[in-house]
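Quick notes on the structure that follows.
So that the names make sense, note that chain A is the first sequence line, chain B the second, and so on, each numbered from 1. Model, not experiment: these values are computed from the prediction.
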Amino acid sequence: MIDVKHAAPDLAAIQIEGMSRSAFMMRSALAVGAVYGTTMVSPFVRQALAQSGGGDIEILNFALTLEYLEADFYEKSMRLSLDSELLDIATEFGSNEAEHVEALAGTITDLGGTPVEKPTFMFPLKNQASFLKLAQTLEDTGVGAYNGAGPMIESKEILAAAGSIVQIEARHAAAIRLKNKAEPAPAAFDEALEMQAVLDAVKPFIKA
Amino acid sequence: MGRITPVHNAGVTFPGVPSARAAARQKEEAMTESGEPQAGPALDELARDPASRKRFLKMMGGGVAATSACGILLAACGGDDDGGTTGQAGGSTSTGSMSGDDTTTMEMEAAEGDLEILNYALTLEYLEADFYRKVADAGLFKGAQLSLLSTFGEHEQQHVETLTGTIESLGGTPATAPETTFPLDDAKAVAELAATVENLGAAAYLGQAGRIQSPEILAAALSIHTVEARHASALNALVGAPYTPEGAFAAPATMEDVLAKVKPFIAA
């Protein structure tokens, strides 16, 4: 068995409040993936987490964590003095993310799994500019996270559901990018992020 | 909004498509449970073992000749379920642990399905790329709007090239580019048409996600899917439509619906 601590010391720094045992095991599985590449993650996750319901539930919990993050981000951004157009965007997109949270948690429960609890998040949100910058990072990361996890999903129903969510993340990302005067679609192919890269990207926003 | 229900199944079930995927999944699960992670999904096997990949591609090449002939009339190919009897596999199965005609037939049907989907996607990308070329030529836009539309057109052209190459590498024959016809008189109407086409494209990819067998092809389709979605969102903004017209969950479109909707843009 791989020594997870040695394999990816960075992961030890992630402390997610209320993390379930299965989520902890997912983290271990991801550490293995970080060493051997994503092609190793899928079978490992499925094997190691058979007791908690299999790989799809773990992927759903991974997605749920990201949706918690995004929903919380838009909720907190309401305290800023955004212009009316951005306030509309933050309200609408935040409501979309909250629906994703609800749907993912419900699906995990339906499959006999336990949804991870909502972590405590902290964002460097000072003004409209920091909102736009961070929103772009989070939405682009969300797109890459779902695209990276997609091929590992076993159930075609869950894959279709994940697809219907990631399309919304991509629409959000493009909208925010337009507001940032950035290319709405920066390349012909969206990047697929490894789960490790996603965890690294969101780590700064999870309060230890 | 409640659970993610199998409501999206409507978009991923087609007549004539064999249940090979379900069978393949059962096979995968059985292998995982048997404690042999190295015998897991095809992606893992293919990624690690060049010999296995070669066998797999050779095998795919053996039974795909009929698929490419569907071309633009893919909808008619929906019922083309010949039970995978179009040829004999060139080698063993990719895992080697489930040899036998049933497995071979199953995987060949799976490969044919992926090629059909790839040619369907290629046809849509041809339409989009041609559309943007004609829009640029029509001279209706300038400045930032022209730049946006031209960039999107370049993306679609890259999708065309990648899909063509993928189909060829799998031993299939890429569909030929259709002759297109678009109403290009009025800038506002053209922008709205662009938005319609991109929203349809995103829905089309979403509708196929659950049907794709190969994890590698799925990964490629997903990375194109979200780019179509980005295009759709930006064009919706351009024409004053919502970024997410369907709310928090995007709706898929079936191959049949999509082909019916693009039919007016294909010259007879």
Flag for Glu97(A)-His172(A): side-chain donor and acceptor within less than 3.5 Å: yes
Rounded distance [0.5 Å steps], OG1 in Thr141(A) versus CZ in Phe205(A): 8.0 Å
Spatial distance of atom CG (Asp83(A)) from atom CG (Leu80(A)) [nearest 0.5 Å]: 11.5 Å
Check: His100(A) and Ile168(A) side chains under 4.5 Å, non-hydrogen atoms: yes
Side-chain touch His159(B)/Val227(B), heavy atoms, less than 4.5 angstrom: yes
For [X] and [Y], indicate whether the former's side chain and the latter's backbone hold a donor-acceptor pair under 3.5 Å.
X: Asp114(B); Y: Ile212(B); value: no
X: Ser147(B); Y: Gly143(B); value: no
X: Arg171(A); Y: Tyr243(B); value: yes

Select one option (side chain, backbone, both, neither) describing which atoms of [X] are under 4.5 Å from chain A's heavy atoms.
X: His225(B); value: side chain
X: Ala203(B); value: backbone
X: Ala237(B); value: side chain
X: Tyr205(B); value: neither

Among His155(B), Arg230(B), His231(B), residue most engaged with chain A (heavy-atom pairs, under 4.5 Å): Arg230(B)
When Ser233(B), Ala221(B), Ala220(B) are compared by non-hydrogen pairs under 4.5 Å with chain A, the top option: Ser233(B)
Contact part of [X] toward chain B, heavy-atom cut-off under 4.5 Å: side chain, backbone, both or neither?
X: Val143(A); result: side chain
X: Ala98(A); result: neither
X: Glu183(A); result: side chain
X: Ala175(A); result: both
X: Glu169(A); result: neither
X: Lys181(A); result: neither
X: Asp140(A); result: both

Ion pair check, Lys261(B) and Asp257(B), cut-off under 4.0 Å: no
Residue among Ala187(A), Ala173(A), Ser95(A), Pro186(A) with most heavy-atom pairs under 4.5 Å to chain B: Ala187(A)
